[in-house]
Amino acid sequence: MSSMSLAQNSKRKRGEGNYAQQKLFWKVVRVLVLTFFVFFALFPAVWVLSASFNPSQSMSSQTLIPRNVTSVDQLLVNYRVLFETPRYPFFRWVLNSVIVASITSVLTVMITALSAYSFSRFRFFGRQGLMLFILLVQVFPNLLAMVAIFLMLQQIGQYLPFLGLNTQGGLILVYVGGGMGINIWLMKGFFDSVPRDIDESAQVDGATHWQTYWLLIFPLVRPILIVVGILSFVGTFNEFVLARVLLRDINSWTLMVGLWGFVSDNFGQNWGIFAAGSVIGALPTLLVYLFFQDQIVGGLTQGAVKG
Amino acid sequence: MSAVKTSASGGASSTGGSALIGRLVQIAILVAIDLFAAFLVINLARDGIWEFAIFLALVTLFVNVIQFRKELFPIRWISPALVLMGVMVIYPILYTVYVSLTNYSDGNFLTKTQVINQVSRERFLPEGGAVFDYVAYRNEAGEFALLLTNSAGEAFFARVGAPLEAVKPDAEGKFADTIDGFTVLPRSERFSALATLSALSFGPEDQPLQISSGKARALQPRFIYDSAKDSFTDRLDGKVYFADDTIGFFVNVADYEAALAADPNTRISSFYLATPTFAQGAGYRVLVGANNFTRFFTSPAIRGPLLQIFTWTVTFALVSVFSTFALGLLIALLLQADTPAKRVFRTLLIVPYAIPALIAVSTWRGMLNPNMGVIGSTLSDILGYQIPVFSDATWAKVAILLINLWLGYPYFMLVCSGALAAIPSDMYEAAQVDGANTLQQFRFLTLPLLLVSVGPLLIASFTFNFNNFVIIEAFNKGLPPILDTPTAAGQTDILISYAFRLAFGSGRGADFGLASAITIVIFAIVAGITMLQFRFTRQWEETSKNV
């Protein structure tokens, strides 16, 4: 439909029959090129999926279709090793990740929605300056300051052990604090699209600001709450750098840090276990992205078009 | 903070009731926050961590002020976000600046107050101190206590961490076998309990007693701090150590000069770390001015690797942005035309974007392994030569760029698809009428219009890749190493991973000061790029108006 197709240009130069042939030729070329890129995109994912079902745990003896498999049991060897070896508290890691990601995303949604409502509905001195300030601070993601955050949590942990290093509490606060800026902006945009007449009529009826917010507006903006919540969950679940810096004890690790443990030490032998863990670790994100493809693409391109 | 009455809500009585409850809840929460903050601030201040104590105090003050100023009502809604951002983003940035100006490191980890407290707690057994004979007692909980007798005929019952209690023998001069639930340790167990007993300190904490060579002896503080002179006196040998606030150590100048005479290369900080009296942890952190920054330029051992790492960081970020943008745009263009099964292609091509980066990079790392990985070993077979993808810097860099292309193109594919769809098709019709060919349309119409919307994202992508720690760390931990440097530096390290290695990664001792100084450089560059981004955004918008 767009004139970017190479074929349309040749329309004026050649006859109609020739044109149809040309068009088909370019179509085939495009499909071939795209197929090549799909191969490039999918190969690592397919390979790691295959590795997770290969009974031989070592990297060198892996084949795309597992060989010498006689039972389902053999296909699941890596998963069984992963679940049953006490040296890797795998379920603990998954649980840690889920706890940290869930609490982070709920807190992020609650706190940013409050701020977004205020920025969207109230007019007060310094409002624009404050919004700009929040945007500017967001330029420096807090993983850049990981050294300072490490030292800070180490200091807090001396007095409040549940917020120090190696704790989920400390990590959650770091994540929530780091996720404020961009999400406030995202939400504020959505809050702005809800007509103010709704608030005003509720307040004429005697509702307080809190009642207006909690009973009227909050349910109305549910779509953006869900988007922010999911993105925050996925982002936290996959976060590796700060988790690695702040969690030193193997029992406090999140899934990503745990997987890193397989990789950084004797990778060739841990390959099958790593693959099994990776499949479990990547699945939530993959499903979210494929499910919410249109929303995510919409969000991205909206940002792109706006600049 | 919730149910504050607004001017419009005066009427209904139910609203008034809930407002009162709301107000009470609000005050209860505020009191809880204040107590919590006060606990932290007092403890921090007591240990001399002033920077954090002051920041937290200011944050708490802010939280309180906005609750009691009606005109700050809108800020109350934003305050949870502001507080969290303040403590977890803004304070770390400020603290990075502070740490970069100090000698904060493994050897100088604590504050001066903490070091003074710690050294003051060290005890020794002085000659001629109080000595007691003892009998060990134990209660049902397994706690030990001692019955002490001295040559003057006095007797005390000593528990762990409690004052001595005077006890009296009965008429026959014997002591009870059971005192306060503690029973005399049977003879058979005395020897086996000795190790446990010797590790305990009995009696009050400031004047503890310890078991040594069959007697209970009074321990005394070994180092006496003199706050007027800011010095410690070692009671064992009488030496005096003065605080030197320029290097953060208590120093005995005579000792250092003796060591210097023996070996002229002795460095003052390593000397004080090694002296037995002030063993590890005895250094304290002090401001050292711009020392960490001048080391970038003056120390050849840091200057060389830093320049190399900086060059690679910029190269890596630039090549990553352009390669991912080019491939993303190409695929977007291919998907734009009337290609069959567009949606299927798009869904499959997004997959790299939906796989956690750590997992993706580690998988690539496994596949590229020249001996065992599927791609690496296949290439080795074809070429008859193993590509040293982990041990050779150039190949490692090529591999990293390739992996980053795989990770990054879907983002630009999605963004470019959206931006292309937003270009009005009548523009192309006009261009065709004017006789522009496909290439010209792309060069003079598509690309400029695309850059208006995607341009700022290119710059954002540069910033992201500039700090793309995960790919560097997961691929090869920055290796292969840069040789002949005192700091752990790798040839594929970027600035942020180098800072990480200085602070956490190496076995050579953490140097938080230097790591923070490098972080400051990163902050400065990121800030500079962002200013550029704002300017370009404006410029591109102006250009687009002219198109």
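The sequence lines fix the lettering, A, B, ..., with proteins before strands; numbering per chain opens at 1.
- Note on Gly373(B), Ala421(B), Ala474(B): by heavy-atom pairs under 4.5 Å with chain A, the leading option is Ala474(B).
- For chain A, the option among Asn467(B), Ile355(B), Val99(B) with the highest count of heavy-atom pairs below 4.5 Å is Asn467(B).
- Most heavy-atom pairs under 4.5 Å with chain B: of the set Gly126(A), Ala51(A), Ser118(A), Ala116(A), this distinction falls to Ser118(A).
- With a threshold of 4.5 angstrom between heavy atoms, Arg244(A) approaches chain B through side-chain atoms but not through N, CA, C or O.
- Here the straight-line distance linking atom CG of Leu334(B) with atom NZ of Lys27(A) works out to 14.0 Å at 0.5 Å rounding.
- Ranking Trp214(A), Phe240(A), Trp260(A) against chain B, the residue ahead of the rest is Trp260(A), based on heavy-atom pairs under 4.5 Å.
- Between chain B and the residues Val174(A), Val33(A), Leu34(A), Leu130(A), the largest count of heavy-atom pairs under 4.5 Å involves Leu34(A).
- Listed options Val31(A), Leu173(A), Leu290(A) were ranked by heavy-atom pairs under 4.5 angstrom with chain B; first place goes to Leu173(A).
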### Task
Test side chain to side chain contact (heavy atoms under 4.5 Å, CB included) on Phe140(A) and Ile522(B) and set out the steps.
CA-CA 10 Å; Phe140(A) 306 103; Ile522(B) 299 175; over 6 Å; no
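- Put simply, CZ on Phe504(B) and CG on Leu246(A) are 7.5 Å apart, with the number rounded to the nearest 0.5 Å.
- Neither the backbone nor the side chain of Val83(B) comes within contact range of chain A; no heavy atoms are under 4.5 Å apart.
- Contacts between Phe262(A) and chain B at a heavy-atom distance below 4.5 Å are absent for every atom of the residue.
- Heavy atoms closer than 4.5 Å to chain A are found in the side chain of Phe52(B), but not in its backbone.
- Contact of Glu239(A) with chain B is not made at all, since no heavy-atom distance falls under 4.5 Å.
- Contacts between Asn43(B) and chain A at a heavy-atom distance below 4.5 Å involve backbone atoms as well as side-chain atoms.
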### Query
After noting the C-alpha distance and the side-chain angles of Phe73(B) and His209(A), does the key distance pass the side chain to side chain contact (heavy atoms under 4.5 Å, CB included) rule?
CA-CA 10 Å; Phe73(B) 172 70; His209(A) 279 297; 3.5 Å; yes
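- Chain A forms the most heavy-atom pairs under 4.5 Å with one residue out of Val470(B), Leu40(B), Ile359(B), and that residue is Ile359(B).
- In this structure the side chain of Phe37(A) reaches within 4.5 angstrom of the side chain of Leu330(B), judged on heavy atoms.
- Minimum interatomic distance between Gly178(A) and Val89(B) (heavy atoms only, all atoms of both residues): CA-CG2, 3.9 Å.
- Looking at Ser264(A), both its backbone and its side chain come within 4.5 Å of chain B, counting heavy atoms on both sides.
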### Query
Is there a side chain to side chain contact (heavy atoms under 4.5 Å, CB included) between Ile90(B) and Phe133(A) once you walk through the steps?
CA-CA 11 Å; Ile90(B) 296 168; Phe133(A) 175 72; 3.6 Å; yes
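- Of the residues considered (Gly366(B), Ser516(B), Ala515(B)), Gly366(B) shows the highest number of contacts with chain A, using heavy-atom pairs under 4.5 Å.
- Contacts of Tyr175(A) with chain B are absent, with no heavy-atom separation under 4.5 Å from either backbone or side chain.
- Contact annotation for Glu71(B): neither backbone nor side-chain heavy atoms come within less than 4.5 Å of a heavy atom of chain A.
- Proximity to chain B (any heavy atom under 4.5 Å) is shown, for Leu255(A), by neither the backbone nor the side chain.
- Residue Pro74(B) forms a side-chain contact (heavy atoms from CB on, under 4.5 Å) with just one option from Phe125(A), Phe122(A), Tyr117(A), and that option is Phe122(A).
- Looking at heavy atoms from C-beta onward, Asn238(A) lies out of side-chain contact with Leu358(B) at the 4.5 angstrom threshold.
- At distances below 3.5 Å, not a single donor-acceptor pair connects side-chain atoms of Thr285(A) with backbone N or O atoms of Pro356(B).
- Scanning all heavy atoms of the two residues, the minimum distance from Ser362(B) to Phe274(A) falls at CB-CZ, 3.3 Å.
- Rounding to the nearest 0.5 angstrom, the gap separating the CD1 atom in Ile78(B) from the CD1 atom in Ile184(A) is 7.5 Å.
- Only the side chain of Tyr104(B) comes within contact range of chain A, judged by heavy atoms closer than 4.5 Å.
- When each of Thr112(A), Val245(A), Leu259(A) is checked for heavy-atom pairs under 4.5 Å with chain B, Val245(A) comes out on top.
- Contacts between Val351(B) and chain A at a heavy-atom distance below 4.5 Å involve backbone atoms as well as side-chain atoms.
- Contact annotation for Ile49(B): only side-chain heavy atoms (C-beta onward) come within less than 4.5 Å of a heavy atom of chain A.
- Looking at Gln440(B), there are no atoms closer than 4.5 Å to chain A (heavy atoms on both sides), in backbone or side chain.
- Looking at Ala431(B), neither its backbone nor its side chain comes within 4.5 Å of chain A, counting heavy atoms on both sides.
- Of the two parts of Thr530(B), only the side chain, counted from C-beta on, holds a non-hydrogen atom closer than 4.5 Å to a non-hydrogen atom of chain A.
- Both the backbone and the side chain of Leu348(B) have a heavy atom closer than 4.5 Å to some heavy atom of chain A.
- Outside the 6.0 Å centre-distance limit, the rings of Phe119(A) and Trp77(B) are not counted as a close aromatic pair.
- You'll find the side chain of Val374(B) reaches within 4.5 Å of the side chain of Phe43(A), heavy atoms only.
- Taking the six-membered ring where the residue is Trp, the centroids of Phe39(B) and Tyr159(A) are separated by 6.0 Å or more.
- Taking Thr96(B), Asn369(B), Thr347(B), Ile75(B) one by one and counting their heavy-atom pairs under 4.5 Å with chain A, the maximum is reached by Thr347(B).
- Side-chain contact between Gln154(A) and Phe109(B) is present, with at least one heavy-atom pair separated by less than 4.5 Å.
- Neither the backbone nor the side chain of Leu72(B) comes within less than 4.5 Å of any heavy atom of chain A.
- Inter-residue side-chain proximity for Leu286(A) and Tyr353(B) is flagged as unmet; no heavy-atom pair is nearer than 4.5 Å.
- Residue Leu283(A) does not touch chain B at all, counting heavy-atom pairs closer than 4.5 Å.
- Annotation: maximal heavy-atom pairing with chain A below 4.5 Å, among Val526(B), Ile423(B), Thr363(B), Thr463(B), occurs at Thr363(B).
- Formation of a donor-acceptor pair under 3.5 Å by the Trp47(A) side chain with backbone atoms of Met367(B) is not found in this model.
- Using a 4.5 Å cut-off between heavy atoms, Ile529(B) does not touch chain A at all.
- No side-chain heavy atom of Leu114(A) sits under 4.5 Å from any side-chain heavy atom of Arg76(B).
- Contact tally against chain B (heavy-atom pairs below 4.5 Å) for Met146(A), Met180(A), Gln155(A): the top residue is Gln155(A).
- Residue contact with chain A, scored on non-hydrogen atoms closer than 4.5 Å, involves the side chain of Leu82(B) exclusively.
- Considering only heavy atoms from C-beta on, Phe500(B) stays 4.5 Å or farther from Val147(A) through its side chain.
- Taking both residues in full, the closest heavy atoms of Leu349(B) and Ala41(A) are given as CD2-CB, 4.2 Å, listed atom of the first, atom of the second, then distance.
- Taking the side chain as every heavy atom from C-beta outward, Met88(B) and Met152(A) approach each other to under 4.5 Å.
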